[in-house]
**Q** 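Would you mind keeping the following structure in view while I ask a few things?
Convention: sequence-line order gives letters A, B, ...; per-chain numbering from 1.
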There are 2 protein chains.
Amino acid sequence: MQPGDRVRVDRGDVTNEGVLLPSTTHDHLVVKLDGGYNVGVDRAEADVEVLESGARDVDGGADAGGGEASEITFDEDLPTISLISTGGTIASTVDYRTGAVTAQFDAEDVLRAVPDLAGRANYRGRVVANILSENMEPAIWRELAEAVEDEIAAGADGVVVMHGTDTMQYSASALSFMLDSPVPVVFTGSQRSADRPSSDNVMNAVCAVEAAKADHAETLVCMHATQSDDACALHRGTRVRKNHTSRRDAFETVGGAPLGIVDYEAAAEAGADGDAADAAIEWNREPLPRGEAGADADLATDLESDVELVKFTPGMDPAAWDYLDGKAGVVIEGTGLGHVHTDLIPRIEALVADGTVVAMTSQCLAGRVCDRVYDTGRDLLDAGVVEAGDTLPGTAKVKLMWALANTGDAADAMGRDLAGELTAESQPWR
Amino acid sequence: MQPGDRVRVDRGDVTNEGVLLPSTTHDHLVVKLDGGYNVGVDRAEADVEVLESGARDVDGGADAGGGEASEITFDEDLPTISLISTGGTIASTVDYRTGAVTAQFDAEDVLRAVPDLAGRANYRGRVVANILSENMEPAIWRELAEAVEDEIAAGADGVVVMHGTDTMQYSASALSFMLDSPVPVVFTGSQRSADRPSSDNVMNAVCAVEAAKADHAETLVCMHATQSDDACALHRGTRVRKNHTSRRDAFETVGGAPLGIVDYEAAAEAGADGDAADAAIEWNREPLPRGEAGADADLATDLESDVELVKFTPGMDPAAWDYLDGKAGVVIEGTGLGHVHTDLIPRIEALVADGTVVAMTSQCLAGRVCDRVYDTGRDLLDAGVVEAGDTLPGTAKVKLMWALANTGDAADAMGRDLAGELTAESQPWR
């Protein structure tokens, strides 16, 4: 049997009939039922009969559907939300992070998988990529930013980006720098696939749609706030980090509270008839104001790809830095307030002399670098290192790629806040 | 004026006379008074007169005092605690992290700087190194482990290691793998130098000494548990991480509660007459049992230095991995459950085929890697990657250096718990 075959699956007392989908696990079969739902079945205990080979093309590939927007019935009283997929889909029992079924992604698929979304908005569906998020690349960030701009120009009142969790923080940072959006851009995903009882996909999707309908213009990550199904946190895209490999509340705003919290029950109820559920969102800081309807999104998608992030650890061989010679930019993840072994300082001095922008961040993650306190730090400043404040290391890498391509002075830009990534001394974050 | 000069410093109504010490900041002078205390004086508002040039040698250099143990009056009713310095000193107003005054480090200096330590123990003082901790190197880990073993053999009932905070977690990990100690080995340090009102040095020192006197045999990091002066946390050396650049409670046990909490006031009072303050320590898990007095510490200090840690980020150029060819070991800090871009998998396969041990950790930090869930992970396992469970990336690097030199099968060792670094699935940590 192959993906695309029409099959009948018997397991225990239950029989399912439908089209076999590609599966992310060897342990489960995933079957798309005729009603549109997908179901996962334990392969070990299942009897499978192939009813029709190749009944449906389920192998669309990375570009299938790319750029194609799909629409369903339009209700002019509802806001319009664009659902953009970068790999995997909320409309499947297969995790966001598998690309295999993305070719079928459209607004109808989403509504079938998450019926709770119905009535909240007019949905536009769009596929930008079809990848595991560890395979996300700067070129796709650019396509994603362009797709978001397109959707806004086409009238979207908010955009939801469905994304694998592995590199969501990098992509949310990239969009934050590339796009000055007049409407909400909300990344969401799932830590547990929809065929698991503990899946977080429905609550994350509903909260993301409500956050995209709300009155602000932030680029956010919307994921479970706790291990319960009670609330989602809204994290500014440049301050968020996946801090656990598997927990549903893995995403956290580093060094402070999230920008806001969505009460799931209240948001689900208030937003079900298409109204905005702003009252269900508690903001910890004033969010950026929503722009005029139809306002243009400023877009600057150029990126300098010749940038590396290097993490310093004790015992590191200075020769391990040879490959940095000639780079356009280097982000160092130093220790403490922003330090490396003294032996590496002459190498940094040479890099800077050669034109490389070298920015310092801290592997502590929380707190800001400050190289004025200790001798090593002062030597680093003398060598030409730029302090990235409290910018997260991963965000700093994305920022440096963007700043080298879009600002006249990337070194200066690394010391300034561009998109909420570098917070003021007097408050934990913007 | 130069460090070592005898000076008189007038500032406002206050006059201080003593020997000028090297200072870690450009803003302050540090003067060692004749009574033994050090004082920091704002340079901008001070008038300084040099009374005698070069009155004292304060520039001991890295090896000064190395290996020399000093003792003061011995009370046979008190336990014996060895205070080992690796750079900077608790006996100075200058932060632990400056090496400049370490040459003067002895037990008397410590008691002068932290009078609250008096009466708690017989103290032995020892200097192993005199460096900023970002300059810590594997060779010094070995000297430190040997010094600790020496001190235990000489009768120490517990050892306190004073260490800069930047790389304390790496050194505590190294000692955890190198040394199977029958007595407590307690790392402590200071996030704020003693000349600042918010300094954490006194409480950390008192709690560390009491933790070293207590009934267990853990290798711990003892630092502020909160931003208040009420308690220190005891973190297992292999599970701890500096998670903030400047906060006094920067150190945290990743993925769980600390091993124990020391109530400062209770410990200070109970231990002041030399008694053990065990009642002031609340253990969250049963600590390793203290060995027999005088029991040998098993020591295995060999390290394979040809090991690198590499952090994967989106957009990473596969050519950036060229320098890994031929390495004895590589620790990858992957995304999520332990992933890298698919393009890097053939490079990993080639490394493993060439004999490199490649271990996977996660940049999420909390949670465990699991490469059986997604296609990329399974490809990584097929390529020969070893999963390091929930071992922290920095700890995994130290462990791989040790395992390559001390076990017959380092790849196998990376998947097993050796020193509390890799916790069981069913509990957050050992």
**Q** Does any N or O in the side chain of A:Thr167 come within less than 3.5 Å of the main-chain N or O of A:Ser133, such that one atom is a donor and the other an acceptor?
**A** yes

**Q** Taking only distance into account, with no hydrogens and no angle test, what donor-acceptor pairs under 3.5 Å do side-chain atoms of residues 306-319 of chain A form with protein atoms, sequence neighbours excluded?
**A**
from	atom 1	to	atom 2	distance (Å)
A:Asp306	OD1	A:Lys327	NZ	2.9
A:Asp306	OD2	A:Ala328	N	3.2
A:Glu308	OE2	B:Asp317	N	3.0
A:Lys311	NZ	B:Glu333	OE1	2.6
A:Lys311	NZ	B:Glu333	OE2	3.4
A:Thr313	OG1	B:Lys397	NZ	2.8
A:Asp317	OD1	A:Ala319	N	3.0

**Q** As an exercise: rank B:Gly394, B:Pro393, B:Ala320, B:Ala139 by heavy-atom pairs under 4.5 Å with chain A and give me the winner.
**A** B:Ala320

**Q** Please flag which part of B:Trp141 lies under 4.5 Å from any non-hydrogen atom of chain A: side chain, backbone, both or neither.
**A** side chain

**Q** Give a yes-or-no answer on whether the side chains of A:Gln191 and A:Asp200 include a donor-acceptor pair shorter than 3.5 Å.
**A** no

**Q** Name the region of B:Arg241, side chain, backbone, both or neither, that has any atom closer than 4.5 Å to a heavy atom of chain A.
**A** side chain

**Q** Count the heavy-atom pairs under 4.5 Å between each of B:Ala366, B:Gly367, B:Gly334 and chain A, then report the option with the highest count.
**A** B:Ala366

**Q** For B:Asp322, check salt bridge (Lys or Arg N to Asp or Glu O under 4.0 Å) against everything at least two apart and list the hits.
**A** B:Arg347

**Q** Compare all side-chain heavy atoms of B:Leu303 with those of B:Pro138 and state whether any distance is below 4.5 angstrom.
**A** yes

**Q** Could you tell me which of A:Met401, A:Glu137, A:Arg247 has the largest number of non-hydrogen atom pairs under 4.5 Å with chain B?
**A** A:Glu137

